[in-house]
Number of protein chains: 2
Amino acid sequence: MHQQAHELTEAAVQTLFVQHHLRFTRQRYAVYRALACEDIHPTADQLYQKLTDNKSGISLATVYNTLEALVKSGLAQKLADGGTSARYDASVDDHLHLRDRATGSLMDVPVNLGKRLLDNLPDNILKEIESELGFSINRVQIELVGEYAGN
Amino acid sequence: MHQQAHELTEAAVQTLFVQHHLRFTRQRYAVYRALACEDIHPTADQLYQKLTDNKSGISLATVYNTLEALVKSGLAQKLADGGTSARYDASVDDHLHLRDRATGSLMDVPVNLGKRLLDNLPDNILKEIESELGFSINRVQIELVGEYAGN
DNA sequence: CCTATACTTGTAATGGTTCTAAGTTAGAAA
DNA sequence: TTTCTAACTTAGAACCATTACAAGTATAGG
């Protein structure tokens, strides 16, 4: 679920940053906005390209720095691509990804379906894993690997 | 579940390779054996180090080539590390991973627990996702992200 | 308005992975 | 067994995503 997808005004994002102990800068605002309005899961370089097209005046190093800050503060997550470069997502909730074996591409499962699957995970077994292994689960990341019917 | 974990004789692995249309070489045997008897999920370089210690006489390029061949043939899977380097696993079955947020380390959930969770996934919802999205699911990869109680 | 601290930036360095081109080998066929 | 060739191995170069660095700049608190 894309949190605040409809709340990307400067003031709203500034508030969000303050809540997460992040300084608000022109560059960070641009990166966050670009990331949050994406429905794919962009790489750092894709974001940089997009921002450069927008003449947002930002360096690639800053894109990386900002993404790291967002991830560390909990405003984004870094998804391993399996391929060459990392992908980012401005969502932090549990959600499902679909990975196409053929292309390696990654996309979200529609929220309603994904949520139903996650809500129906056997909670008692998760609890058992936690107690048995002395592990505290923060997030359940599920990836459905397969291929589109067309292929 | 580590398939053939007890069946790593030369003959057994050779048969396995033939079944998967892979030529059997000294180097591939060494890599497969090193991978299959690991309980962690080694990186290419960790395997290379281990094999070098064993004086197996193998180059790093071959480790990479072999891992790629194993993955392509279905005898291993590549796990995105989220961090810097990829990790490999000589198992192809659905299974669960635990990722420690602190260290980024990745390990298996014991088979019995993992299997119970996977067996209790709501199958009807998975089917619905398949039909709704025109996607055919080969594998369900679940990662439990969290931290050990000690930390 | 001033200041301290944190952020930004271009560039260099790093490090995992892939490429290349030359040598070697597995395994099929005779 | 011998021969043959496609496939494999290898060292080193190349590649490219990411991080480190050091100098300049901007934010937010006082």
Side-chain angles (χ1 to χ4, degrees), chain A residues 10-11 13-32 34 41-52 55-73 75-76 78-88 104 106, chain B residues 10-11 13-32 34-35 41-52 55-73 75-88 104 106:
Chain A
E10 190 160 330
V13 175
Q14 184 153 21
T15 303
L16 197 61
F17 279 20
V18 169
Q19 287 168 351
H20 286 79
H21 313 99
L22 281 181
R23 265 198 193 176
F24 184 80
T25 67
R26 176 177 63 78
Q27 293 91 339
R28 288 182 170 181
Y29 177 42
V31 170
Y32 183 77
H41 301 288
T43 62
D45 196 66
Q46 286 172 337
L47 286 169
Y48 175 61
Q49 295 305 332
K50 183 173 171 183
L51 294 169
T52 303
K55 303 201 199 314
S56 293
I58 191 171
S59 78
L60 180 57
T62 299
V63 174
Y64 277 104
N65 290 338
T66 299
L67 289 170
E68 188 188 343
L70 291 174
V71 169
K72 205 186 303 186
S73 76
L75 280 173
K78 185 176 182 177
L79 306 170
D81 186 8
T84 41
S85 44
R87 296 187 167 275
Y88 294 86
L106 196 67
Chain B
E10 188 160 331
V13 175
Q14 184 155 22
T15 303
L16 197 61
F17 278 20
V18 169
Q19 286 168 350
H20 287 78
H21 312 100
L22 279 181
R23 266 198 192 174
F24 183 80
T25 66
R26 175 177 64 79
Q27 293 91 337
R28 288 183 171 179
Y29 177 42
V31 170
Y32 183 76
L35 180 61
H41 300 288
T43 63
D45 196 65
Q46 286 173 337
L47 287 169
Y48 175 60
Q49 295 305 333
K50 183 173 171 182
L51 293 169
T52 303
K55 304 201 198 312
S56 293
I58 192 171
S59 77
L60 180 57
T62 299
V63 174
Y64 276 104
N65 290 339
T66 299
L67 288 170
E68 187 187 343
L70 291 174
V71 169
K72 205 185 305 186
S73 76
L75 280 174
Q77 60 182 302
K78 186 177 184 178
L79 306 170
D81 185 7
T84 41
S85 44
R87 296 187 168 275
Y88 294 86
L106 196 67

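No hydrogens, no waters, no symmetry mates; every other heavy atom, side chains included, goes into these values.
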Send over the distance from [X] [atom1] to [N] [atom2], rounded to a whole Å.
X	N	atom1	atom2	result
Arg23(B)	dT9(D)	CZ	P	10 Å
Phe24(A)	dA28(D)	CZ	P	8 Å
Tyr48(A)	dT8(C)	OH	P	14 Å
Leu51(B)	dT10(D)	CG	P	11 Å
Phe17(A)	dT27(D)	CZ	P	13 Å
Gln14(B)	dT25(C)	CD	C1'	14 Å
Lys72(A)	dC7(C)	NZ	C1'	13 Å

Q. What bend angle does the helix from dC1(C)-dG30(D) to dA30(C)-dT1(D) show across its length, from five-pair end axes and to the nearest 10 degrees?
A.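 Both end axes considered, the difference amounts to 50°.
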Q. Should Leu67(A) and Leu47(A) be marked as a side chain to side chain contact (heavy atoms under 4.5 Å, CB included) after you check the CA-CA gap, both sets of side-chain angles, and the distance that decides it?
A. CA-CA 10 Å; Leu67(A) 289 170; Leu47(A) 286 169; 3.9 Å; yes
Q) If you pin His21(A) and Arg26(B) to their nearest nucleotides in DNA chain C, which one's is more 5'? A)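 Looking at DNA chain C, the more 5' nearest nucleotide goes with His21(A).
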Please report the shortest heavy-atom distance between [X] and [Y], naming the atom on each side.
X	Y	result
Thr62(B)	Gln27(B)	CG2-CB, 3.9 Å
Ser73(A)	His20(A)	O-CD2, 3.1 Å
Ile58(B)	Tyr48(B)	O-CE1, 3.3 Å
Ala34(B)	Lys50(B)	O-NZ, 3.4 Å
Arg87(A)	His41(A)	NH1-O, 2.6 Å

(Q) Taking Gly57(A)'s backbone N and O only, do any of them form a donor-acceptor pair with Arg26(A)'s side chain (distance below 3.5 Å, no angle check)? (A)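 Here the side-chain-to-backbone pair exists.
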Q. Okay, side chain of Tyr29(A), backbone of Glu10(A): is any donor-acceptor separation there less than 3.5 Å?
A.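 A pair under 3.5 Å: yes.
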Do [X] and [Y] come close enough that some side-chain heavy atom pair is under 4.5 Å?
X	Y	result
Tyr88(B)	Leu70(B)	no
Val63(A)	Asp45(A)	no
Phe17(A)	Leu75(A)	yes

Protein-nucleotides 15-22 of chain D N/O pairs closer than 3.5 Å?
residue, atom, partner, partner atom, Å
dT18(D), OP1, Ala86(A), N, 2.7
dT18(D), OP2, Tyr64(A), OH, 2.4
dT18(D), O5', Tyr64(A), OH, 3.3

Q.
Checking contacts here: which listed nucleotide (dT10(D), dC7(C), dG10(C)) is nearest the side-chain heavy atoms of Ile58(B)?
A.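 Among the listed nucleotides, the one closest to the side chain of Ile58(B) is dT10(D).
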Q. In terms of side-chain heavy atoms of Arg28(A), which of dT9(D), dT8(C), dT10(D) is nearest?
A.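 For the Arg28(A) side chain, the nearest candidate turns out to be dT8(C).
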Q: Go through Val13(B) and Phe24(B) one step at a time and tell me if the side chain to side chain contact (heavy atoms under 4.5 Å, CB included) criterion holds.
A: CA-CA 8 Å; Val13(B) 175; Phe24(B) 183 80; 4.1 Å; yes
Within less than 4.0 Å of OP1 or OP2 of [N], is there a side-chain N or O belonging to [X]?
X	N	answer
Thr62(B)	dT10(D)	yes
Gln27(A)	dA26(D)	no
Thr25(A)	dT8(C)	yes

Might you list the N or O atoms of the protein lying below 3.5 Å from N or O atoms in nucleotides 28-30 of chain C, with each pair's distance?
none

